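As the structure is a computational prediction, the values presented were derived from the model and not from experiment. Each chain gets a letter, A, B and so on, in the order its sequence line appears, and its residues count up from 1.
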There are 2 protein chains.
Amino acid sequence: MNTSIFIVDDHFMVIEGIRTILQDEAHIDWLGHAMDVASCLEFLSRHQPHVILMDIGLPDGSGIDLCKKVAKTYPKIKILGLSTYNQQSIIQDMMRSGSSGYLLKNASKEELLEAIEAVMNGEEYLCLEAAASFYNPENSVPVITKREKEILGLICDGYTNPEIADKLFISLATANTHRKSLLAKFGAKNVASLVKMAVENKAFL
Amino acid sequence: MNTSIFIVDDHFMVIEGIRTILQDEAHIDWLGHAMDVASCLEFLSRHQPHVILMDIGLPDGSGIDLCKKVAKTYPKIKILGLSTYNQQSIIQDMMRSGSSGYLLKNASKEELLEAIEAVMNGEEYLCLEAAASFYNPENSVPVITKREKEILGLICDGYTNPEIADKLFISLATANTHRKSLLAKFGAKNVASLVKMAVENKAFL
DNA sequence: CCAAATATCATCTTTTTGGGCGATTGATTC
DNA sequence: GAATCAATCGCCCAAAAAGATGATATTTGG
């Protein structure tokens with residue numbers, strides 16, 4: 001049986017590229033594309049492809065959320081994350097949100113076809129580079145609690161301890177404790193390096 | 001006369017996409033592609049296209065440097081920056097480094113053709129979104145001096161004032177002055193927000 | 001050449017951070 | 001029911017950052 005494919009990506013050039021790559025493949029049917037979350041969901045209400053190639057950064061929402069929604073509503077559809085970002089935290093989020101694989105946009109034709117085949121067989125697939133970065137402790141993001149994530153966001157936005165305490169109705173000591181455990185978990189010596197790591201890994205979203 | 005095009009981009013899918021888009025155009029000759037700085041320069045030593053579509057993030061160096069080099073060695077070649085990043089500072093750097101235009105990867109076919117035509121006519125071209133972000137004060141990055149850029153990099157890496165003073169053989173007072181003018185120029189109230197802005201805009205590269 | 005910008009240094013005060021250490025409560029998990 | 005973890009609060013203290021102000025070389029651009 002043929003595999004039907006749908007793609008959600010706001011980059012016209014990438015859509016054209018993938019279409020060109022896939023049109024030579026006899027066993028793959030190209031169902032079309034969407035360039036935002038809304039039209040993707042609209043399409044899915046009418047047709048269900050076997051596989052969706054899904055970009056992370058869409059204009060009207062994140063691919064992570066779309067991924068969750070699709071995985072819940074159409075559990076049979078296999079989702080392949082697609083992004084230029086080779087960041088452990090994002091890959092992790094995608095895989096946890098129900099995607100079955102992750103491809104970088106510099107993936108080769110072989111990787112693309114391999115990924116599609118893998119997820120159709122019920123396997124998980126990470127492209128080479130993503131897998132490498134995934135297991136590279138360099139890119140690893142520590143596990144932080146919900147509260148810590150919240151406070152990390154405030155720190156990144158320039159809030160000081162007293163301001164955080166005020167905003168969250170907690171004592172200065174507590175705000176400080178959270179800040180300290182963030183520093184410890186990230187292995188950062190001060191807020192500067194903490195914020196850099198957080199922003200680079202989008203750890204506070 | 002036909003316009004010859006060469007593309008430098010490490011994303012296979014984007015190359016395929018652009019090739020597909022351009023192959024219908026009778027007045028455009030596709031000369032080929034390179035996926036890194038080295039093979040781009042190697043190609044240029046043999047053939048000179050009219051226009052180069054140039055990605056910013058290459059595996060073996062930045063598009064900014066490549067742009068400078070090409071603009072200097074082959075001043076006749078028109079360069080069109082090409083990136084997913086819609087960041088004022090990057091666009092600025094590219095334009096200053098000798099590129100004649102800037103396109104985002106979600107540009108439409110029309111924008112791509114328009115851009116090529118524009119630079120061939122000796123005009124400059126910014127795609128809609130890039131132009132919008134360019135004139136949006138939200139994304140504006142202050143002008144900082146070379147020394148300040150250097151110190152900003154150190155701050156982002158977690159260096160404290162005493163450490164910076166030590167490393168750069170300047171007094172603590174001077175390091176502090178630079179830090180303060182960075183805070184002032186960025187309109188940041190503390191290092192946390194400064195680092196966030198700097199990292200998001202890659203202002204210290 | 002001269003003015004402006006840059007880079008340098010200084011002193012002073014208050015606020016914030018960061019390191020160390022301990023402790024209670026409530027929820028979850030085993 | 002014990003153990004673990006999350007979230008909360010406390011104190012001490014030294015280091016660093018941030019705010020204010022002023023000053024002097026050196027470089028750069030018009």
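Following rounding to the nearest Å, Ile164(A) (CD1) and dT16(C) (C1') show an atom-to-atom distance of 11 Å. In this structure, Glu148(A) atom CD and dT8(D) atom P are separated by 10 Å, rounded to whole Å. To the nearest angstrom, P of dA10(C) lies 13 Å from NE2 of His178(B). In this structure, Phe169(B) places its CZ atom 12 Å from P of dC9(C), rounding to the nearest Å. Atom pair Asn176(B):CG and dA18(D):P shows a separation of 8 Å (rounding to whole Å applied). One atom, CZ of Arg179(A), and another, P of dA17(D), lie 13 Å apart when rounded to the nearest Å. A straight line from OH of Tyr159(A) to P of dA17(D) spans 23 Å, rounded to a whole angstrom. Going from atom CD1 of Ile155(A) over to atom P of dT16(C) covers 14 Å, rounded to whole Å.
Using a 4.0 Å heavy-atom criterion, one finds that Leu172(A) contacts no nucleic acid atom at all. Backbone-only contact: Asn190(B) has heavy atoms under 4.0 Å from sugar-phosphate atoms and none from a base. Counting non-hydrogen atoms under 4.0 angstrom, Thr160(A) reaches the backbone sugars and phosphates but no base. Residue Thr145(B) is classed as a sugar-phosphate contact, given heavy-atom separations below 4.0 Å to backbone atoms only. Residue-level contact check: Lys180(B) touches the bases, meaning some heavy atom is under 4.0 Å from a base atom.
Under the 3.5 Å distance criterion, the side-chain polar atoms of Glu117(B) are left unmatched by any main-chain donor or acceptor of Glu114(B). At distances below 3.5 Å, at least one donor-acceptor pair connects side-chain atoms of Gln48(B) with backbone N or O atoms of Leu44(B). Side-chain N or O atoms of Asn176(A) include none that pairs as donor or acceptor with a backbone N or O of Leu172(A) at under 3.5 Å.
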Would Tyr102(B) and Tyr125(B) count as a ring pair (Phe, Tyr, Trp, His ring centres under 6.0 Å) if you check the C-alpha gap in whole Å, the side-chain angles of each, and the deciding distance to 0.1 Å? CA-CA 6 Å; Tyr102(B) 195 88; Tyr125(B) 185 90; over 10 Å; no

Criterion side-chain contact (heavy atoms from CB on, under 4.5 Å) on Leu194(B) and Arg179(B), from CA distance to verdict: CA-CA 10 Å; Leu194(B) 173 66; Arg179(B) 169 187 236 101; 5.7 Å; no

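Checking the phosphate oxygens (OP1, OP2) of dC9(C), a side-chain nitrogen or oxygen of Ser171(B) falls inside 4.0 Å. Between Thr174(B) and dC9(C), a side-chain N or O to OP1/OP2 separation shorter than 4.0 Å is present.
Nearest nucleotide to the Leu183(B) side chain, out of dT8(D), dA18(D), dG10(D): dA18(D). If you check dT8(D), dT17(C), dC9(C) against the side chain of Asn161(A), the one that comes closest is dT17(C). Residue Val191(B) places its side chain closer to dA18(D) than to any other of dA18(D), dT8(C), dT8(D). When distances run from any side-chain atom of Ala173(A) to the nucleotides dC9(D), dA7(D), dA7(C), the shortest one goes to dC9(D).
Here the shortest heavy-atom pairing between Ile21(A) and Lys109(A) reads CG2-CG, 3.5 Å.
Screening residues 183-200 of chain B for side-chain hydrogen bond (donor to acceptor under 3.5 Å, both in side chains) gives Asp157(A)-Lys196(B), Glu163(A)-Lys189(B), Glu148(B)-Lys185(B), Asn190(B)-Ser193(B) as the qualifying pairs, with residues at least two apart or on separate chains. Pairs of residues two or more places apart, or lying in two chains, that qualify as side-chain hydrogen bond (donor to acceptor under 3.5 Å, both in side chains) and include a residue from residues 2-14 of chain A are Asn2(A)-Asp29(A), Ser4(A)-His50(A), Asp9(A)-His11(A), Asp9(A)-Lys105(A), His11(A)-Lys105(A).
Comparing the start and finish of the helix from dC1(C)-dG30(D) to dC30(C)-dG1(D), five pairs each, the helix axis swings through 70°, to the nearest 10 degrees.
Map Val143(B) and Thr177(A) each onto its nearest nucleotide of DNA chain C; the residue landing nearer the 5' end is Val143(B).
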